[in-house]
Number of protein chains: 2
Amino acid sequence: MKIMKVAEDKLKKAREEFIAQWGALGTQWGINRTMAQIHALLMTSPSAMCTDEVMEELSVSRGNAHTNLKELVNWGLIRMIVIRGDRRDFYEAEKDVWQIFTIIAKERKRREIEPAVALLNRCAEETKGLKGEDAKVFHKQVKDLEEFVTFASKMSDRVASMKHGLAIQLAAKILG
Amino acid sequence: MKIMKVAEDKLKKAREEFIAQWGALGTQWGINRTMAQIHALLMTSPSAMCTDEVMEELSVSRGNAHTNLKELVNWGLIRMIVIRGDRRDFYEAEKDVWQIFTIIAKERKRREIEPAVALLNRCAEETKGLKGEDAKVFHKQVKDLEEFVTFASKMSDRVASMKHGLAIQLAAKILG
DNA sequence: CATAATTTTCATTAAATACTGAAACTACGA
DNA sequence: TCGTAGTTTCAGTATTTAATGAAAATTATG
């Protein structure tokens, strides 16, 4: 089609920008560009897509598309679906923002918080009761960090396990 | 000193582990290893340190030490101090965990949240009122994300600007 | 002002991470 | 059982990011 309606063109441009930039942002939060782009693509797609469509839309290799689709399935941000009479695997994104948030919070906790807590625990334990100025300073700092991070972790769990509506109520209290 | 007391040895081991592992964790949250290690080193140091001491302790180059010390000062996680009669710059870490938390939250917001909000705003604006199934799907998703992220951002501000004591009270409510 | 101590910059090198493309594998229908 | 369409893996390559080390700039001191 040579001539495209202005509205269609606008949408296409906006969507392309969204996908490209979401990919760039992804690298900021420690997920690779392709993974973030696929996520953006599927979140804003009106229908499920197969691997080849993803490859085509983002101009990436099959291996790259495949790896990142699987990773997104692992996270729970997208799911594989089967279409009757089609041998290919299709994928669709979770679109509920609260769900997306809780999934990401859970994953971040697993990768960023839990190892930190484990380390802090270990270091606090190993230096408990040691004498001397240096040991005191070290132990206190590590202990303080441990308590704070453990606490923050519990809070995060609590909030992430709420129903969307309840979380909104809580937020209203805080902001109000 | 050839022979070291057991207690000193234990402390040294624990501190070395803490610094090494904190560095590894740092890479998970998108800050480079050296920066995280310097932070760990200074947080658990009983006194301020100069660049050469940092280089020595972590076995890193002058350039690397310098760059990351400056970056930590920028963040506000450490500060430069002057010692009478010594030309060298010394550095000491902020040790209060609530302060550390608010500084990190602020920086993360600036780097991760704000650009996302700007993008979502732009994309929602550009597709407002467009006709067609695809445009509707795109606009709704982007709008939902925008609202959620804006909201989360406000919450984060609110919590980070609280005094430690108040935050604890609030947390007690949530956990209670 | 000269010089010595220290900090800062930056071109180069090294390390970590992401991507490609082709081969191996799997499942299915003829 | 063979051929085909699709999926999965992975060695090699490209890209991105971090670290080095030496030179340039800055600052204090006699």
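Numbered from 1 within each chain, the chains take letters A, B, ... in sequence-line order.
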Under 4.0 angstrom, heavy atoms only, what part of the nucleic acid is Thr27(B) near: base, sugar-phosphate, or nothing?
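No contact at all - Thr27(B) keeps every heavy atom at 4.0 Å or more from the nucleic acid.
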Sugar-phosphate only, base, or nothing, as touched by Asn64(B) at under 4.0 Å among non-hydrogen atoms
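It contacts base atoms.
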With respect to the phosphate group of dT7(D), does any side-chain polar atom (N or O) of His66(A) fall under 4.0 Å of OP1 or OP2?
no
Spacing of [X] atom [atom1] relative to [N] atom [atom2], expressed in whole Å:
X: Glu71(A); N: dT7(D); atom1: CD; atom2: C1'; result: 17 Å
X: Asp86(A); N: dA27(C); atom1: CG; atom2: C1'; result: 14 Å
X: Glu53(A); N: dG6(D); atom1: CD; atom2: C1'; result: 14 Å
X: Asn32(A); N: dT17(D); atom1: CG; atom2: C1'; result: 15 Å
X: Ile31(A); N: dT16(D); atom1: CD1; atom2: P; result: 17 Å
X: Tyr91(A); N: dT8(D); atom1: OH; atom2: C1'; result: 10 Å
X: Arg88(B); N: dT8(C); atom1: CZ; atom2: P; result: 15 Å
X: Ile83(B); N: dT6(C); atom1: CD1; atom2: P; result: 13 Å

I need the single residue from Thr27(B), Asn68(B), Asn64(B) that forms a side-chain hydrogen bond (donor to acceptor under 3.5 Å, both in side chains) with Asn32(B). Which is it?
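When side-chain hydrogen bond (donor to acceptor under 3.5 Å, both in side chains) is applied between Asn32(B) and each of Thr27(B), Asn68(B), Asn64(B), only Asn68(B) qualifies.
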With rounding to the nearest 0.5 angstrom, report the [atom1] to [atom2] distance, [X] to [Y].
X: Lys173(A); Y: Ile174(B); atom1: NZ; atom2: CD1; result: 8.5 Å
X: Asp89(A); Y: Asp52(A); atom1: CG; atom2: CG; result: 11.0 Å
X: Lys128(A); Y: Lys10(B); atom1: NZ; atom2: NZ; result: 10.0 Å

5'-most contact on DNA chain C: Asp89(B) or Arg33(A), nearest heavy atom basis?
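Result of the comparison: Asp89(B).
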For Arg15(A) and Thr44(A), does a side-chain donor sit closer than 3.5 Å to a side-chain acceptor?
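Checked: Arg15(A)/Thr44(A) side chains pair up, N/O donor to acceptor below 3.5 Å.
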Using 30° and 60° as the class boundaries, would you call the ring planes of His164(B) and Phe148(A) parallel, tilted or perpendicular?
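The rings of His164(B) and Phe148(A) stand perpendicular, inter-plane angle above 60°.
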Please list, for nucleotides 24-30 of chain D, all pairs of protein and nucleotide N/O atoms separated by less than 3.5 Å.
| from | atom 1 | to | atom 2 | distance (Å) |
| --- | --- | --- | --- | --- |
| dT27(D) | O2 | Arg87(B) | NH2 | 3.1 |

Choosing from dA19(D), dT20(C), dT8(D), which nucleotide comes nearest the side chain of Val60(A)?
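Out of dA19(D), dT20(C), dT8(D), the nucleotide with an atom closest to Val60(A)'s side chain is dT20(C).
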Let's see if you can work this out: which of dT9(C), dT20(C), dT8(D) has an atom nearest to the side-chain heavy atoms of Thr67(B)?
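Closest nucleotide to the Thr67(B) side chain: dT9(C).
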Pairing residues for Tyr91(B) by the ring pair (Phe, Tyr, Trp, His ring centres under 6.0 Å) criterion, not counting sequence neighbours
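Ring pair (Phe, Tyr, Trp, His ring centres under 6.0 Å) list for Tyr91(B), sorted by chain: empty.
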